[in-house]
Amino acid sequence: MTQQPDEENTAPKDLPSSEDEWRERLDDEEYQILREAGTEPPFSGEYVDHDEDGNYCCAGCGAVLFDADTKFESGCGWPSFYDVDDDRIETRLDTSHGMRRTEVVCGTCGGHLGHVFDDGPEPTGKRYCINSVALEFDDE
Ligand SMILES: [Zn+2]
């Protein structure tokens, strides 16, 4: 009756299980954003004006997150996407800094990616505003 699914068995094998292990895996900038929900300065990220075909993956665990086809020029200073598969990410309410925002985290490792806003282009009207540091580009 009380048996819970064993989460250890469903997580990718090489995913860190402690914050110490995350610290070892990530550099300081990645750790600050992915694990401590930091934000890189606007227009500082390597993918802000990046425009190639491929996939943007999670810098923490390597899971595919965003398709380059959904990237658009938002002018906000961070890589912006208008769509994502719901099972790749999770969202949750973020009330930090006196604002009500929707935080976007990796659906696989739970790393902080950025926020999603409702001022994106059609067809979704969404703007996933994501830190370059939280992403790794894969041009396959
Ligand atoms: Zn991840």
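The figures here come from the full heavy-atom set of this structure, side chains too, leaving out hydrogens, waters and symmetry mates. FYI, the numbering just counts along the sequence from 1.
- At least one donor-acceptor pair under 3.5 Å links the side chain of Trp78 to the backbone N or O of Glu40.
- Of the possible polar contacts, none joining the Asn131 side chain to the Ala134 backbone as a donor-acceptor pair under 3.5 Å is found.
- One finds the CG atom of Leu65 at 8.5 Å from the CD1 atom of Ile89 (value rounded to the nearest 0.5 Å).
- Listed for the Ser132 side chain is a donor-acceptor partner under 3.5 Å among the backbone atoms of Tyr47.
- In this structure, Glu36 contributes its side chain and Ile33 its backbone to no donor-acceptor pair below 3.5 Å.
- Taking SG of Cys109 as the reference point, atom CZ of Arg25 lies at 8.0 Å (rounded to 0.5 Å).
- Distance check: Lys126 NZ to Cys129 SG gives 14.0 Å after rounding to the nearest 0.5 Å.
- Annotation for Leu34 and Gly60: closest pair CD1-N, 3.7 Å, computed over non-hydrogen atoms.
- The 12-atom threshold is not exceeded at CG of Asp28, counting heavy atoms of other residues, nucleotides or ligands nearer than 6.0 Å.
- Side-chain atoms of Asn55 do not come within 3.5 Å of backbone N or O of Cys57 as any donor-acceptor pair.
- Glu30 contributes atom CD, which lies 9.5 Å from atom SG of Cys58 (distance to the nearest 0.5 angstrom).
- In this structure, the separation between CG on Asp51 and CZ on Phe72 is 13.5 Å, given to the nearest 0.5 Å.
- Put simply, the side chain of Thr124 gets close to the backbone of Tyr82: a donor and an acceptor are under 3.5 Å apart.
- Judged purely by distance below 3.5 Å, without hydrogens or angles, the side chains of His112 and Glu103 pair a donor atom with an acceptor atom.
- Shortest non-hydrogen contact noted between Asp67 and Phe81 is O-CD2, 4.1 Å.
- Using modelled atom types, no side-chain atom of Ser18 and backbone atom of Pro16 make a donor-acceptor pair closer than 3.5 Å.
- In this structure, Asp53 and Phe137 approach most closely via the heavy-atom pair O-CZ, 3.3 Å.
- Here the OH-CZ distance, from Tyr31 to Arg23, works out to 4.0 Å after rounding to the nearest 0.5 Å.
- A salt bridge links Asp85 and Arg88; the closest N-O separation between the charged side-chain nitrogens and carboxylate oxygens is under 4.0 Å.
- When every heavy atom of Val48 is checked against every heavy atom of Phe43, the shortest pair comes out as CG2-CA, 4.2 Å.
- More than 12 heavy atoms of other residues, nucleotides or ligands sit less than 6.0 Å from atom CG of Asp119.
- Other residues, nucleotides and ligands place more than 12 heavy atoms under 6.0 Å from the CG atom of Asp87.
- The aromatic rings of His50 and Tyr56 stand perpendicular to each other, their planes meeting at an angle above 60°, with 30° marking the opposite boundary.
- In the hydrophobic cluster analysis, where Ile, Leu, Val, Met, Phe, Trp and Tyr join through side-chain heavy atoms closer than 4.5 angstrom, Val116 is grouped apart from Val133.
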